[in-house]
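Report on one structure; see the data block that follows.
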Amino acid sequence: MSDNIEKKWQSKWKDAKLFESNPDDREKLFLTVAFPYPSGAMHIGHGRTYTVPDVYARFKRMEGFNVLFPMAWHVTGAPVIGIADRIKRKDPWTLDLYERVHGVPKETLPKLEDPEYIVKYFSTEYHEVMEEMGYSIDWRREFRTIDPTYKKFIEWQITTLYEKGLVAKGEHPVKYCPNCDNPVGDHDLLEGEGVGVNELTLLKFKIDDKILVTATLRPETIVGATNIWLNPDVEYVLVDAEGENWVVTKEAHYNLSNQIKDLNIIGEINPNDLIGKMATNPFTGDELPIFPASFVSASYGSGVVFSEPADAPADYIALQDLKNNSEMISKYNLNGIIENVQPIPVCTVKGYGEIPAADIIERLGITDQNDEKLHEATNELYKIQHSKGKIIDSIPGFGGMKVRFAREDLKNELIDKNMATIMYDFAERPVVCRCGNNCVVKIMDDQWFMKYGNEDWTQKTLEVLEGETIIPHEIKNNFEYYLNWLDDWACSRKVGLGTRLPWDNQWLIEPLTDSTIYMSYYSIAKYLRDMDPEDLNKAFFDKVLLNKDSGDITVPEDKVKEIQDEFNYWYPLDWRLSAKDLVGNHLSFLMFHHSAIYPKDKWPKGTVVFGMGLLEGNKMSSSKGNVILLKDAIKDYSADVVRLFLMASAEPWQDFDWREKEVLGTKRRLEWFREFAAKVEDVKGSSLNLNNIEKVELTRTIDLWMLNQLNQHIKNATEALEVFQTRQALQDSLFLLKKDVDHYLYRVKHLLDLNDEGVVYVLSTVLESWIRLLAPFTPHTCEELWAKYGGEGFVSQTSWPEYDASFVDNKIEKSEELVQNIIKDITQIKKMVKDEVSKIHIYLAPDWKWELYKIADEVGKPDIGQIMGRAIGANIYDDKKEIANVAKKIGREITKTRYIGKINEEEILLDAIDYIKDEIGCEIIVHTDDSYDPQNKARNAMPYKPAIFME
RNA sequence: GCAAGGGUGCCCGAGCGGCCAAAGGGGGAGGACUUAAGAUCCUCUGGUAUAGGCCUUCGAGGGUUCGAAUCCCUUCCCUUGCACCA
């Protein structure tokens, strides 16, 4: 049934063009959510992402804003190329994934061999599912990022940045698969996920006409170099490097050739021929001997290292090993050399002696250079020296400097003097591509970069952040960190779908770069979709978006004006919504690009960051098949139930957990709501017209209480929704309100068959507000009820319920609390006494106790002396001893019960006396004095807590 | 390692100085309704107590305060991100 009403209302909305937003004189609100990359089917995780903005859009529309909520498809990038490729290869895993998890019909599968078909197929499906979810999207602005008109916009964007000098050529090390001939991301790896790339300094030690290029993470230790290590068991080669003859391992040459151009092998080198000879330290000029060492890896760095035994545990232990190895010493004729090699201290760090390497080796009990703990020792010492170490005073030029700074300075000096160069290597091995090949670090040298490292740009972008509201607030720190941390970003690609760089046609624009200011495009997309791309030149966009005259525009002037006006109406963006994992890139890029391209008054105003989705407690993942498709969920539960569950189970920035049991609970809750509406009509006894509720004067406390609760919930829900707290809003507008309505119905159950006009008025009022409160969450159900019970027009277009302060009274709330507490207390006592009870006497607190309570409240803390003093001063009662007794009690009570002024307890209890009698099941007598008080209980009476006597 | 966030009752989760034995949901127990099941509604769900009370609890340990789940310090544990990828 729900399916039918949902479809019905969706088409009614469409026919009425309800969500097609055009500029008018209302205040505008423009919100967007990160557009999807449609390489697969939409699951419930996506459902949450797109329901949040829809709920907010609907809420704001009801508040009277002119809301624009658009949608488009991000189809640029490489993943679909890979998917298409795997489909073509008939990769069974991929075929299964797309058939079983993404629900693609078997006969359609072969068509997915075309990447453009994939994005077309899934974006069409996304569109359909989004309509089934009832999203209030202005579909006239829909586009794909490979549309010719959009490409013109991207060309304009990148050219604008290029002209500002923010796009520049550069080089950058990347993880690279030589077999696939492509950079690889972590997700493309079979092995080595998360492995970092280290920068190594290659120091050039001369030996005759050759150069031993030693790789090090710690160039500052060059001053403590004592010898060179070569591994006698690996292959070394002689390499021509722009005229220099380098000695490195064969494997190192392979790695290096991806980073340095024209590195040709010109001969083989037998390490044994070099061991025992002397090489020159380029920095100090010292002559250092070359020794053999097994710990030197053929594949890491250059395969040549200089030894600095004072700070490098491996060097220290290798030196020890060698000194103890007479066989080696005689084999390489090291007698007379090796004895003189002693560690030269370079760094000091707290907690370590003159030779830190020796200390840590001893502490960890490392016995030789093949010990596994050597790695740990190296890491530990490296870290502490980097963060806290200082260069020892005796070293000229660097003495006393922090290691961190000395390293940087010395490295630059060495490079300037051609004593060193830079190379990159993986921090760990192996790093294996999905294709099975080992990856290398490659320097892409004709790559284009977005200069996010540019300090002025970063500063300006920090201003964008400063001016934004970030939800949740804590994420703002995160953003600040990322904006500062972001370095130049390679923005050109060889493979994928996308737009080409206008000035360098061999490159495609990287897909994150082409989706940073596309919200601007939404504002004008409905015009551009029918225009000739040829007309969308730079001058056109300059005029429309920046009001800048920069050349000939082929579009008629009034048309340009209309488009420009529309852009200016919607921009800036009020809210940007996106997932948590995009904080460090997409959302930051968005700020960068806005700061560079637009003036301050067009900068985004707010960002909301989403959490992830879990399925029965486990992480959702399409590739693992652990997802529920949104279309299936809609089929099983209806869009409204799915929406309601997604919005109620967690705040947007928290992780939600889709649990079937709780979804079913939500479904029942919504059914209850529909039944409640019917019940109201039932109680009324005639047809209900919410458009014309008959007002009556209310006298029963419980009626007033219900309206008090309703208004309280309206207030809370509104405040919560303003800041995207959908869960909190529903907590108030659905769950807590339902609880109160249940309570109210229970309290007036004896009146339900009597067509009592007070009850009818209260229930109709509740229902009328309630339908509107829930309309953003469950729009279909609410439209249906609204129409059924006489609401005017679409509920989607009515006003948001207004909080009416005149109904809110904390004394009313306290009154009901008093009634409930009395029942609770009596029940509890009855349970304990176990005797038959025939009559219950209730004694109310006399006026002086109320005054005493008031005094205690003014004092604010359980300071009996002060309370007594004031009470006696005010002469509230003549029995001082009794005042003291009560004051002591109040002192305790005041921390537990808030004082809100005197309430007329007698009136309240008498108003509810039938209900209380009913609940307790015996006679109740309310006393205002102690004329009948056989057990002297009346003196226990306290404000808000009458005394009870049972007999 | 760096950065951010978090540890609450059987489970999920709210609370962020006193109305807190701690909202709400889920689960469990009992009751009402029903021919029955389901749904719905009511009550209970830390311990203890023959007068509405008392005791213990919010990762652990200290501290501030008349008063702390809430503030401060120390400590342990968890989750996420760390780039050329949407």
Side-chain angles (χ1 to χ4, degrees), chain A residues 34 36-37 39 74 76-80 172-175 183-188 194 196 379 383 386-387 444 447 449-450 452 472 474-482 485-493 510-513 515 579-586 611-612 614 617 648-651 653-657 659 661-662 664-666 668-669 671-672 675 727-728 730-732 734-736 738-739 742 745-746 749 814 817 821-822 824-835 860-863 891 893-900 919 935 937 940 944-945 947-950:
Chain A
Y37 183 80
S39 63
H74 190 215
T76 38
V80 282
H172 195 74
V174 294
K175 284 180 192 169
V184 288
D186 263 349
H187 51 281
D188 299 320
N379 278 343
K383 242 170 251 162
H386 175 73
S387 57
M444 308 284 286
Q447 185 56 281
F449 286 87
M450 298 298 319
Y452 298 138
E474 309 86 73
I475 301 287
K476 199 154 191 170
N477 297 334
N478 242 327
F479 268 112
E480 205 176 309
Y481 171 80
Y482 278 115
W485 167 80
L486 273 167
D487 203 353
D488 296 351
W489 175 269
C491 64
S492 50
R493 288 290 176 282
E510 182 273 333
L512 287 182
T513 310
S515 51
K580 214 191 266 183
D581 49 331
L582 297 185
V583 170
N585 48 52
H586 166 74
M612 303 283 156
L614 302 177
S649 63
E651 299 293 7
W653 45 92
Q654 297 171 328
D655 297 347
F656 74 90
D657 190 359
R659 298 185 191 198
K661 269 202 172 127
E662 301 201 16
L664 285 169
T666 305
R668 273 184 249 125
R669 197 52 39 99
E671 275 159 12
W672 177 93
E675 283 160 17
R727 178 197 165 96
Q728 183 60 50
L730 277 173
Q731 201 66 226
D732 269 279
L734 182 57
F735 298 97
L736 296 176
K738 175 192 178 290
K739 207 178 171 225
D742 279 339
L745 288 172
Y746 189 69
K749 57 180 186 274
K814 200 81 177 178
E817 217 178 291
N821 283 342
I822 279 282
K824 215 167 108 189
D825 287 349
I826 292 172
T827 313
Q828 205 182 134
I829 297 168
K830 257 176 86 178
K831 215 159 79 187
M832 277 189 297
V833 174
K834 286 174 191 156
D835 292 334
K861 50 182 175 181
D863 182 341
E893 201 64 23
I894 195 94
T895 64
K896 293 207 285 186
T897 311
R898 199 172 53 179
Y899 180 77
I900 58 147
E919 288 296 297
Q935 281 191 19
K937 295 280 185 193
N940 291 336
Y944 311 122
K945 199 171 178 60
I948 297 164
F949 166 56
M950 299 186 179

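All values below were derived from every heavy atom in this structure, side-chain atoms included, with hydrogens, water molecules and symmetry-related copies excluded. Lettering of chains follows the sequences in order, A, B, ..., and the numbering in each one begins at 1.
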Counting any heavy atom closer than 4.0 Å, what does A:Asp742 reach on the DNA or RNA strands: base, sugar-phosphate only, or nothing?
sugar-phosphate
Expressed in angstrom and rounded to an integer, what is the separation of A:Leu736 atom CG from B:rG15 atom P?
13 Å
Taking any heavy-atom pair under 4.0 Å as a contact, classify A:Ile475: base, sugar-phosphate, or nothing.
nothing
Answer yes or no: does a side-chain N or O of A:Trp672 lie under 4.0 Å from OP1 or OP2 of B:rC41?
yes
If I compare all heavy atoms of A:Val80 with all of A:Tyr37, which pair ends up nearest, and what's the gap?
N-OH, 3.1 Å
Give me the atom names and distance for the closest heavy-atom approach of A:Arg727 to A:Ser649.
NH1-O, 2.7 Å
Pick base, sugar-phosphate or nothing for A:Ala947, based on heavy-atom distances below 4.0 Å to the nucleic acid.
base
May I ask you to say what A:Lys937 touches in the nucleic acid, namely base, sugar-phosphate or nothing, with a heavy-atom cut-off under 4.0 Å?
base
Using atom C1' in both nucleotides, what's the gap between B:rG59 and B:rU70 to the nearest angstrom?
15 Å
Integer angstrom distance from the P of B:rG7 to that of B:rG63:
24 Å
How long is the line joining OH of A:Tyr481 and P of B:rA83, in whole Å?
10 Å
What's A:Ile826 touching, base or sugar-phosphate or nothing? Going by heavy atoms closer than 4.0 Å.
nothing
Between protein and nucleotides 25-31 of chain B, map the contacts as a letter string: B base, S sugar-phosphate only, - none, heavy atoms under 4.0 Å, written 5' to 3'.
BSS----
Supply the atom-to-atom distance A:Glu817 CD to A:Lys824 NZ, rounded to the nearest 0.5 angstrom.
9.0 Å
Could you tell me whether the side chain of A:Asn940 and the main chain of A:Ala947 form a donor-acceptor pair under 3.5 Å?
no
Quantified in whole Å, what is the C1' atom distance between nucleotide B:rG6 and nucleotide B:rC12?
15 Å
Quick one: on RNA chain B, does A:Lys175 or A:Gln935 contact a more 5' nucleotide (nearest heavy atom)?
A:Gln935
If you find the nucleotide of RNA chain B closest to A:Ile948 and the one closest to A:Lys814, which residue's nucleotide is nearer the 5' end?
A:Lys814
Which whole number of Å gives the distance between the P atom of B:rA29 and that of B:rC78?
35 Å
What is the pairing partner of B:rA23, taking Watson-Crick or G-U wobble pairs with both distances under 3.5 Å in any strand?
none
Just call it for A:Leu582: base, sugar-phosphate, or nothing, with non-hydrogen atoms closer than 4.0 Å on any strand.
base
What is the nucleic acid contact for A:Met612, judged by heavy atoms within less than 4.0 Å: base, sugar-phosphate only, or nothing?
nothing
Under 4.0 Å: is that the gap between some side-chain N or O of A:Lys945 and OP1 or OP2 of B:rA51?
no
Geometric cation-pi criterion A:Lys738 and A:Trp672, 6.0 Å radius, 45° cone:
yes
Span that lies between the C1' atom of B:rU35 and that of B:rG27, in whole angstrom
29 Å
Taking the C1' atom of each, how far is B:rU74 from B:rU64, in whole Å?
15 Å
May I ask you to evaluate whether A:Lys749 reaches the phosphate of B:rU40, defined as a side-chain N or O under 4.0 Å from OP1 or OP2?
no
Can you find an N or O donor on one side and an acceptor on the other, under 3.5 Å apart, linking the side chain of A:Asn585 with the base of B:rA86?
yes
Interatomic distance where NZ belongs to A:Lys580 and C1' belongs to B:rG5 [whole Å]
8 Å
Under 4.0 Å between any heavy atoms, over every strand shown, what does A:Lys738 touch: base, sugar-phosphate, or nothing? Just pick one.
sugar-phosphate
Could you tell me the separation between the CD atom of A:Glu651 and the C1' atom of B:rG5, rounded to a whole number of Å?
16 Å
A:Asp581: salt bridge (Lys or Arg N to Asp or Glu O under 4.0 Å) partners, not counting sequence neighbours:
none
Mind calculating the distance between CD (A:Gln828) and C1' (B:rU50) to the nearest angstrom?
13 Å
Which of these nucleotides, B:rA51, B:rA86, B:rC19, is closest to any side-chain atom of A:Glu817?
B:rC19
Under a 3.5 Å cutoff, is there a donor and acceptor pairing between the side chains of A:Asn478 and A:Glu474?
no
Parallel under 30°, tilted from 30 to 60°, perpendicular over 60°: which one fits the rings of A:Trp485 and A:Tyr481?
parallel
Gap separating the NZ atom of A:Lys945 from the CG atom of A:Asn821, nearest 0.5 angstrom:
6.5 Å
For B:rU65 versus B:rU8, give the span between their P atoms, rounded off to a whole number of Å.
29 Å
Rounded distance in Å - CD (A:Gln654) to P (B:rG7):
10 Å
Nearest 0.5 Å, please: how far is OG1 in A:Thr513 from CE in A:Met450?
6.5 Å
Determine the Euclidean distance between corresponding C1' atoms of B:rA21 and B:rU48; express it in Å to zero decimal places.
13 Å
Taking OH from A:Tyr452 and C1' from B:rC85, how many angstroms apart are they, rounded to a whole number?
14 Å
Rounded to the Å, how far apart are A:Glu474 CD and B:rC16 P?
14 Å
Under 3.5 Å for both donor-acceptor distances, Watson-Crick or wobble: does B:rA49 have a partner, and if so which one?
none
Within the 4.0 Å heavy-atom criterion, would you say A:His74 contacts the bases, only the backbone, or no part of the nucleic acid?
sugar-phosphate
Across all strands shown, which nucleotide pairs with B:rA68 by Watson-Crick or G-U wobble geometry, both distances under 3.5 Å?
none
